[in-house]
Amino acid sequence: MKPKTILITGSTDGIGLETARMLFSQGHRILLHGRKPEKMKKVKSEFNTESDSGFMESYVSDLSSIDDATALAHNVAEKHPNLDVLINNAGVYHPSTLVTQEGLDTRFVVNTIAPYILAKCLSPIIGPKGRIVNVSSAAQAPLSAETLGIPNNIPDGTAYAQSKLALTMWSRHMALSFEEKGPVVVAVNPASMLGSKMVKEAYGVDGGDLRIGADILCRAALSDEFASASGKYYDNDSRRFTAPHPDALDPQKCKEIVRSIETIINTKRNA
């Protein structure tokens with residue numbers, strides 16, 4: 001297989017890091033992303049960037065900021081006229097700061113809005129032969145488009161499930177809007193209760209083998225089984241494509257979520 005250029009957000013730990021390791025070992029060009037410079041430096045030292053098996057680049061960006069997410073997309077596009085795959089893996093469950101500097105709920109910005117910004121901004125350089133893989137969850141809960149992103153005190157578990165349903169909803173809407181003119185867009189539950197930092201913090205358990213989640217993300221990024229999966233949802237708990245929450249199959253509700261996301265982005269950029 002010809003080496004692919006792949007951006008993986010949240011790839012300094014957890015499933016994202018394990019996915020980067022797998023893809024790098026296969027000889028692909030990996031664009032790492034993380035929030036903390038010191039952590040990124042440590043992770044980069046784990047990879048042999050001089051190896052003939054792969055190429056690596058790193059980007060530091062805080063995806064709780066709409067401006068930072070937009071800047072990340074622009075920085076990647078400036079360096080890479082062609083991007084084969086975007087894996088929107090970065091996510092939060094219990095952030096240290098609930099409200100962002102832009103006055104939004106951190107959980108929804110990182111889990112829903114920032115991935116949308118990256119997908120929309122980078123889709124022109126990904127093109128119809130590329131893929132956008134959005135890391136969703138088995139946890140999906142209904143939400144109001146009118147209140148998306150507005151800070152509130154709902155439990156982290158509820159906010160996480162709502163933000164992942166919103167991600168799954170805009171994934172389907174974007175895929176249908178592209179038709180055959182844009183990348184494959186697929187939402188993937190990498191498997192429940194894997195041993196990521198997020199799972200350990202949220203549930204106090206070690207969790208399962210991260211390679212289970214990394215393997216399905218690699219397959220979603222590269223394998224033929226996902227080549228015609230645009231708009232679909234893959235559940236790695238059942239190991240098959242299946243129906244997401246019913247709201248993600250409602251075109252009007254999906255449209256309302258996208259409209260809300262676009263309004264938030266445009267409002268904050270024009271502030």
Side-chain angles (χ1 to χ4, degrees), residues 1-37 39-61 63 72-91 115 118-119 121-136 182-191 194-196 208-230 232 234 236 239:
M1 178 185 295
K2 181 181 177 182
K4 305 288 187 181
T5 302
I6 304 171
L7 170 62
I8 310 170
T9 67
S11 46
T12 55
D13 60 30
I15 297 173
L17 176 55
E18 193 61 40
T19 303
R21 287 172 175 151
M22 284 187 180
L23 292 170
F24 183 77
S25 70
Q26 296 170 19
H28 298 292
R29 297 181 289 267
I30 306 303
L31 311 185
L32 288 172
H33 158 265
R35 183 170 62 90
K36 298 179 179 179
K39 195 169 186 178
M40 177 63 74
K41 184 178 179 180
K42 181 179 179 181
V43 168
K44 281 194 70 177
S45 69
E46 296 182 16
F47 292 86
N48 179 10
T49 56
E50 300 300 323
S51 171
D52 292 335
S53 65
F55 166 82
M56 182 163 293
E57 218 171 65
S58 64
Y59 295 82
V60 174
S61 175
L63 295 185
L72 172 60
H74 290 165
N75 289 340
V76 170
E78 284 178 2
K79 292 185 178 180
H80 299 276
N82 297 292
L83 181 68
D84 296 295
V85 182
L86 163 64
I87 301 178
N88 274 315
N89 165 75
L118 292 172
C121 290
L122 293 173
S123 60
I125 66 169
I126 299 174
K129 294 184 179 180
R131 301 184 189 180
I132 296 171
V133 179
N134 293 325
V135 177
S136 184
V184 167
V185 184
V186 62
V188 177
N189 165 33
L194 297 180
S196 65
D209 189 345
L210 289 173
R211 290 175 294 182
I212 295 171
D215 177 70
I216 190 58
L217 295 185
C218 291
R219 285 163 51 196
L222 302 173
S223 73
D224 290 342
E225 67 184 302
F226 283 82
S228 58
S230 200
K232 294 183 179 181
Y234 188 91
N236 204 29
R239 299 183 181 181

**Study point:** Atom pair CD1 (I216) and CG (N236), whose distance is rounded to the nearest 0.5 Å
**Key:** 4.5 Å
**Study point:** salt bridge (charged side-chain N to carboxylate O under 4.0 Å, His left out) against D84, all qualifying residues, sequence neighbours excluded
**Key:** none
Point to revise | Non-neighbouring partners of R131 that pass salt bridge (charged side-chain N to carboxylate O under 4.0 Å, His left out), sequence neighbours left out | key: none
Exercise for review: Just say parallel, tilted or perpendicular for the rings of F47 and F24, cut-offs at 30° and 60°.
Suggested key: perpendicular
Are [X] and [Y] packed together at the side-chain level, in the sense that at least one heavy-atom pair is separated by less than 4.5 angstrom?
| X | Y | answer |
| --- | --- | --- |
| L32 | M40 | yes |
| V188 | V135 | no |
| E57 | V76 | no |
| F55 | I30 | no |
| P81 | I125 | no |
| L23 | L222 | yes |
| I212 | L210 | no |

Can you give me every donor-acceptor pair (side chain of residues 3-12, partner residue at least two apart or in another chain, under 3.5 Å) with its distance?
from	atom 1	to	atom 2	distance (Å)
T5	OG1	R29	NE	2.7
T5	OG1	R29	NH2	3.2
T9	OG1	N89	N	2.9
T9	OG1	A90	N	2.9
S11	OG	I8	O	2.7
S11	OG	H33	N	2.9
S11	OG	H33	O	3.3

